[in-house]
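Note sheet for the following structure.
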Amino acid sequence: DTGVSQDPRHKITKRGQNVTFRCDPISEHNRLYWYRQTLGQGPEFLTYFQNEAQLEKSRLLSDRFSAERPKGSFSTLEIQRTEQGDSAMYLCASSLGTGMGAGYTFGSGTRLTVV
Amino acid sequence: LAKTTQPISMDSYEGQEVNITCSHNNIATNDYITWYQQFPSQGPRFIIQGYKTKVTNEVASLFIPADRKSSTLSLPRVSLSDTAVYYCLVGDEHNAGNMLTFGGGTRLMVKP
């Protein structure tokens with residue numbers, strides 16, 4: 001297992017377009033998280049899945065954002081009608097159970113630029 | 001979750017020991033202290049975690065005083081490749097819930 005994979009690594013889109021990102025977690029991890037990181041800031045939590053169930057959503061996750069994790073494997077994050085303020089790095093992480101230590105693994109992220 | 005305070009940035013030179021201190025005055029009894037490292041265009045990576053006294057691994061040491069209101073990440077003999085942002089997080093390791101709460105981190109620049 002090579003860790004958490006995210007695709008694409010970079011995405012440039014025009015304002016108003018829809019974009020979708022994919023995350024493949026570590027295979028045995030039952031928890032999957034999405035974070036957003038803007039320049040110079042730490043990552044901010046967006047949402048979290050345990051298996052296929054989306055159990056928590058941040059207030060940052062407006063109604064233009066939707067995330068899914070069908071069958072409890074990979075996950076997608078879609079942003080509809082993108083705005084320039086959506087430009088950020090979108091990070092996915094996975095873990096087996098609770099804890100914030102060595103078992104919590106991040107992917108390399110998808111950098112979104114909205115022009 | 002307890003709030004953490006770290007210096008915004010630090011400079012060092014290759015071969016020096018770097019100590020980054022984090023304040024967490026409101027740390028709870030069940031909270032652990034966890035440090036992450038992040039390189040540009042990559043996700044954060046776990047470095048070290050501790051509850052009290054001293055923890056050491058192949059990458060770093062973590063010093064936690066008896067009152068646990070602060071902690072110090074120590075990087076021995078840094079190299080250029082240690083240039084990164086370092087985040088200090090505090091939370092209940094065994095019941096961390098679902099999210100990690102990051103502050104702004106400390107941007108370490110290692111110079112030749």
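Values reported hereafter were calculated over all heavy atoms of this structure, with side chains retained and with hydrogens, waters and symmetry mates removed.
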> Which atom names give the shortest non-hydrogen contact between A:Ser108 and A:Gln6, and what distance separates them?
Replying inline: N-OE1, 3.8 Å

> Going by the angle between their ring planes, with limits at 30° and 60°, are A:Phe65 and A:Tyr90 parallel, tilted or perpendicular?
Replying inline: tilted

>> Would you call the rings of A:Tyr35 and A:Phe106 parallel, tilted or perpendicular, taking 30° and 60° as the class edges?
In response: tilted

>> Using modelled atom types and a 3.5 Å cut-off, is there a donor and acceptor pairing between side-chain atoms of A:Arg69 and backbone atoms of A:Asn51?
In response: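 Yes, A:Arg69 side chain to A:Asn51 backbone: donor-acceptor pair under 3.5 Å.
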
> Who passes side chain to side chain donor-acceptor pair (under 3.5 Å) against A:Arg22, sequence neighbours left out?
Replying inline: A:Asp24

>> A:Tyr48 vs A:Arg31, test: side chain to side chain contact (heavy atoms under 4.5 Å, CB included). Steps then yes/no.
In response: CA-CA 7 Å; A:Tyr48 140 80; A:Arg31 295 188 173 206; 3.3 Å; yes

> Any residues in residues 38-51 of chain B near chain A, with a heavy-atom distance under 4.5 Å, and which are they?
Replying inline: B:Gln38, B:Ser41, B:Gln42, B:Gly43, B:Pro44, B:Phe46, B:Gln49

> Considering heavy atoms only, which positions within residues 56-82 of chain B lie below 4.5 Å of chain A?
Replying inline: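 Listed by number, there are no contacting residues, so the answer is none.
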
Could you pull out every donor-acceptor pair under 3.5 Å between side chains of residues 103-112 of chain B and any protein atom, sequence neighbours left out?
{"from": "B:Thr106", "atom 1": "OG1", "to": "B:Gln6", "atom 2": "NE2", "distance (Å)": "2.9"}
{"from": "B:Thr106", "atom 1": "OG1", "to": "B:Pro7", "atom 2": "O", "distance (Å)": "2.6"}
{"from": "B:Lys111", "atom 1": "NZ", "to": "B:Asp11", "atom 2": "OD2", "distance (Å)": "3.3"}

Point-to-point distance, once rounded to the nearest 0.5 Å, from [atom1] of [X] to [atom2] of [Y]:
X	Y	atom1	atom2	value
A:Gln50	A:Leu55	CD	CG	6.0 Å
A:Lys57	A:Ser62	NZ	OG	10.0 Å
A:Asp7	A:Thr76	CG	OG1	12.0 Å

> With only heavy atoms counted, which part of A:Glu44 is less than 4.5 Å from chain B, the side chain, the backbone, both or neither?
Replying inline: neither

